[in-house]
Amino acid sequence: MEAENKVTEAAESMNFLEKIIEDDLAAGRVPDGVVVTRFPPEPNGYLHIGHIKSICINFGLAQKYRGRCHLRLDDTNPAKEDVEYIDSIKRDIKWMGFDWGIHEYYASDYYDQLYEIAVRLIKEGKAYVDSLTPEQVKEYRGTLTQPGKNSPDRERPIEENLRLFEEMRQGKHPEGRYLLRAKLDMASPNINMRDPALYRIKFESHPRTGNKWCIYPMYDFTHPISDAIEGITHSICTLEFEDHRPAYDWATSIDGIEHAPHQYEFARLNINYFVMSKRKLLQLVKLGLVDGWDDPRMPTISGIRRRGYSPESMRDFVKRVGVAKVESVVDFSLLEFCVREDLNKRARRVMVVLDPIKLVIDNYPEGKTEMVEADNNPEDENAGKRLVPFSRELYIEREDFAVNPPKGYHRLYIGNEIRLKHAYYVTATSYETDADGNVTLVHCTYDPESRGGASADGRKVKGTSHWVSVHDAISAEIRQYDKLFSAEDPGAKTGNYLDDLNPDSLKVVTCAKLESSLRDARPGEYLQFMRSGYYMADSKDSRPDHLVFNRTVTLKDSWEKMKQKMGLK
RNA sequence: UGGGAUGUAGUGUAAUGGUAACACUGCAGAUUCUGGUUCUGCCUUUGGGGGUUCGAAUCCCUCCAUCCCAGCCA
C-alpha cells in the first residue's frame with residue numbers, strides 16, 4: 001500500500017517534457033490529441049545504456065499519453081551502417097519491454113520524397129550546387145567567432161543547379177566534386193545555418209536501397225522532414241542538437257510540408273566509472289580488452305543483458321535519474337541500487353561456496369544424506385521451496401571460520417555455535433591446517449534437535465552460514481565482475497581513458513562448490529548466491545557440462561566494512 | 001574571444017513569488033534463519049554580488065563556472 005502511494009506521488013512530479021506535452025495537449029496543439037514520438041538510432045553500432053534513457057523517454061511518453069512511438073532507423077550514411085546493427089537494435093528495444101508495433105520506419109524510406117523536396121528548393125532558388133572542395137567549404141564557413149563568406153557558386157543559375165543536381169544523382173560526378181547546399185546565411189552566428197549541406201555524393205551501396213542512390217541526404221535535412229512525414233508531434237533528442245534546432249525549424253517550414261513538429265532536447269545520460277562513446281566502446285572491443293560488445297562489463301544493452309541486469313531495473317533506473325537539461329553524471333551506486341532492489345524481489349536463492357573449506361560433523365552418521373527444505377525466495381511467498389541434500393561432510397566459506405576471531409565476529413570459531421542455513425546448529429570443536437598453516441578442515445558437532453535451523457529450546461545463534469554437501473556438490477566457473485574502470489571519469493587525468501582500466505574488473509573463480517539444483521541453471525534465470533550476490537548463467541559460454549555464471553552485482557556489503565573495523569583486512 | 005544552453009545537499013531530481021523536498025550515497029541504531037531484506041534516525045543544499053517585493057531557488061541586472069557547436073557524421 002505504502003509503496004503504491006509513493007509511486008503515485010512520484011508520478012505527480014512531471015519532468016519538463018511532460019509539462020510541454022500536457023500544455024500542448026491542453027492548448028489543442030496536438031493533432032487529434034495523439035502524441036507521436038520516435039526513437040531514431042543510427043544503425044552504426046550497438047545500443048548502450050545512454051540509449052536506454054532515450055528509449056524510455058520516447059516510448060514512455062507515448063505510453064503515458066496513449067500515443068505512439070515510432071522506431072526509425074536513421075540510415076542516411078551507408079558508409080557507417082550495417083544490417084547487423086539493425087537487428088541488434090530491434091532486439092535490444094524489445095528486451096527493454098517496448099514495442100513499436102507496425103511503426104518501423106527508415107529514413108531511407110523517404111529518399112524519393114527528400115529528393116523531390118530538394119529539387120523544389122533548387123527551383124525556388126533556396127538551394128544550390130556548390131563546387132567548392134571540402135577544404136574550401138571549411139575555409140568559407142568561417143570560424144566560431146568570424147562570419148563565413150558566400151561561395152562563388154551561391155548565385156549559380158537555377159537551371160544549372162537543376163542540371164548539376166540531376167547529374168549528381170546519375171553518378172556523373174565523383175565524390176566530393178559537388179555538394180547541394182541550402183541557401184541560408186553564411187554570416188549567421190550559428191554555424192549550422194551557414195548554408196548547411198543537404199546532399200553529398202557517396203558511391204556506397206545502401207543496406208536497403210542498394211545502388212539506387214549515389215547521393216545521400218544529410219541529417220539536418222532528413223531528420224526534420226522524416227519527423228514531419230511521420231506526423232511526429234514531439235521530436236526529442238539530446239542537448240548537442242540544440243544548435244541544430246534552427247535548421248530543424250527551417251526544414252519543417254519548407255513550402256509544402258504540412259506538419260511542423262517541434263524539437264526538444266534533454267541531457268544525455270552519464271554514469272561515473274563508465275565510458276559511453278561509441279568510439280571508445282568500439283576500441284575496447286577491437287583491442288580485445290573485453291569479450292565483445294556483449295561483454296558483461298560493457299554498458300551496452302547486450303552486455304547488460306548478459307550480465308544479468310533486468311530490463312525492469314533499467315527502466316526504474318531511468319525513472320529515478322529523471323529528465324532535465326542539466327549535464328549531469330549519475331552515480332554508479334544508483335544503478336546498482338536499482339538492480340539489487342529488483343533482483344531481491346525475484347531472484348531464486350541458492351547456496352554456493354566460492355572459497356571452500358571442509359566442515360566435518362563428527363557426531364553425524366557417516367554415509368547418511370538427508371534432504372532439508374529451503375525457501376527459494378523469502379521475499380516472494382509464491383516462490384516455493386526446494387530440497388537440498390545435507391550430509392556429514394560439507395563445504396563452507398573459508399571466511400566463515402576464524403582461528404582467532406576478533407571482537408564482533410559471530411561466525412564459526414572453536415567453541416562457537418552457528419546455524420547452517422536451513423539445516424542445523426553446529427559448534428566448532430577443532431580444525432586442521434596444511435603445512436603453511438592454512439585451515440583445511442574444521443571439525444564440529446551438531447545439535448540433532450535443531451533441524452530446520454531452529455533449536456528446540458529456543459536459544460539463538462548470531463551467525464548463519466551457507467554450505468554445500470561435499471558428496472552432492474557440483475562445480476562451475478564463476479566470473480566476478482567489477483567496474484571496467486577504476487576512475488570516476490576515465491581518462492580525466494592522463495587524457496587516455498585506457499589508463500584507468502581496472503585490472504581487477506574480472507576475477508574468475510574455478511574452485512566454487514554449488515548446490516546440485518544449479519545443474520539446470522539457464523541464462524535468463526535470476527539467481528542470488530546467498531550472502532554473496534546476484535548471478536546469472538552466461539548466455540555465451542555456459543554449457544551443461546561446464547557451467548559458467550556471471551556475477552550481476554554483489555549484495556550490499558556491510559561485512560566488508562565490518563572486517564575493516566575488526567582488523568580482518 | 002561568436003552563438004546556444006545550464007547552475008538547488010556528495011550524486012540525481014522536485015518545488016514557478018509564500019515553511020527548500022524526495023531518492024541514492026554516507027553515518028548511527030533496531031529487526032532478521034542471508035553481516036542481505038525491512039524499519040528508524042542523523043548529516044549536508046538554492047554558484048557570487050546587487051536589485052524588485054511584506055516575502056525570491058523562482059522576477060530583473062551583473063559577474064563567475066561548466067557544457068555544446070567550425071563533418072560532404074548523426
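Quick caveat, the model's predicted, so the values are computed rather than measured. Each chain gets a letter, A, B and so on, in the order the sequences are listed, and its residues count up from 1.
Rounded to whole Å, the P atom of B:U53 lies 31 Å from the corresponding atom of B:A14. On the P atoms, B:G4 is 15 Å away from B:C63, given to the nearest whole Å. Using C1' as the reference atom, B:U62 and B:G26 are 38 Å apart when rounded to the nearest Å. B:A28 and B:G7 have their P atoms separated by 35 Å, with the value rounded to a whole Å. For the C1' atoms, the distance from B:A74 to B:U19 is 48 Å, rounded to whole Å. Of the P atoms belonging to B:U1 and B:C67, the separation is 15 Å, rounded to the nearest Å. B:A9 and B:U46 are spaced 10 Å apart, taking the C1' atom of each and rounding to whole Å. For the P atoms, the distance linking B:U37 with B:C27 amounts to 13 Å, nearest Å.
Proximity of A:Lys19 to the phosphate of B:A15: a side-chain N or O atom is located under 4.0 Å from OP1 or OP2. Between A:Arg349 and the phosphate of B:U34, there is no side-chain N or O to OP1/OP2 separation shorter than 4.0 Å. For the pair A:Ser328 and B:U13, the criterion of a side-chain N or O lying under 4.0 Å from OP1 or OP2 is met. Applying the 4.0 Å criterion to OP1 and OP2 of B:C24, one finds that A:Lys319 has every side-chain N and O outside that range.
Surrounding NZ of A:Lys183 are more than 12 heavy atoms belonging to other residues, nucleotides or ligands, all under 6.0 Å away.
The distance between the ring centers of A:Tyr111 and A:His206 falls below 6.0 angstrom. Ring pair A:Tyr178/A:Phe165: centre-to-centre distance not below 6.0 Å. The aromatic ring centroids of A:Tyr424 and A:Phe390 lie less than 6.0 Å from each other.
A donor-acceptor contact closer than 3.5 angstrom is absent between the side chains of A:Ser188 and A:Asn190.
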Summarise protein proximity over nucleotides 68-74 of chain B in one line of letters, 5' to 3': B for base, S for sugar-phosphate only, - for none, counting protein heavy atoms closer than 4.0 Å. BBBSBBB
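A:Gly463 comes within contact range of no nucleotide atom at all, as no heavy-atom separation falls under 4.0 Å. Residue contacts shown for A:Arg419 include a base, since a base heavy atom lies under 4.0 Å away. Heavy atoms of A:Lys565 sit under 4.0 angstrom from primed sugar atoms or phosphate atoms, though from no base atom.
Computed from coordinates, the A:Phe317 CZ to B:U25 P distance equals 13 Å when rounded to whole Å. Counting to the nearest Å, the P atom of B:C24 and the CD atom of A:Glu341 are 8 Å from each other. Between the P atom of B:G36 and the CH2 atom of A:Trp559 lies a distance of 11 Å, rounded to the nearest Å. For A:Lys561 and B:G26, the NZ to C1' distance is 8 Å, given to the nearest whole Å. Rounded to whole angstrom, the span from the CD atom of A:Glu397 across to the P atom of B:U34 amounts to 16 Å. Atom-to-atom, CE of A:Met562 to P of B:A28 comes out at 11 Å; the value is rounded to the nearest Å. A:Asn344 has its CG atom 10 Å from the C1' atom of B:U34, to the nearest Å. The distance between atom CZ of A:Arg194 and atom P of B:G4, rounded to the nearest whole Å, is 13 Å.
Remark: the A:Arg411 side chain and the B:G35 base include a donor-acceptor N/O pair separated by less than 3.5 Å. The base of B:G36 is paired with the side chain of A:Glu379 by a donor and an acceptor separated by under 3.5 Å.
Nearest heavy atoms, A:Met314 versus A:Tyr309: CE-CD2, 3.5 Å.
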Strand RNA chain B as a dot-bracket string - pairs counted if Watson-Crick or G-U with both distances under 3.5 Å, | where the partner lies in another strand: .((((((..((((....[..)))).(((((.......)))))....(((((..]....))))))))))).....
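When the salt bridge (Lys or Arg N to Asp or Glu O under 4.0 Å) test is applied to A:Arg348, the partners found at least two apart in sequence or on another chain are A:Glu525. Shown here are the salt bridge (Lys or Arg N to Asp or Glu O under 4.0 Å) partners of A:Arg459, two or more places apart in sequence or in another chain: A:Glu417, A:Asp447, A:Asp457. In this view, A:Asp74 satisfies the salt bridge (Lys or Arg N to Asp or Glu O under 4.0 Å) rule with no residue, not counting sequence neighbours.
Between A:Val329 and A:Lys556, the residue anchored nearer the 5' end of RNA chain B, judged by the nucleotide with its closest heavy atom, is A:Val329.
For residues 164-174 of chain A, every residue pair satisfying the salt bridge (Lys or Arg N to Asp or Glu O under 4.0 Å) rule, not counting sequence neighbours, is listed here: A:Arg163-A:Glu167, A:Glu166-A:Arg169.
Side-chain N or O atoms of A:Arg268 include none that pairs as donor or acceptor with a backbone N or O of A:Phe266 at under 3.5 Å.
More than 90° away from 0 lies the glycosidic angle of B:G10, which makes this nucleotide anti.
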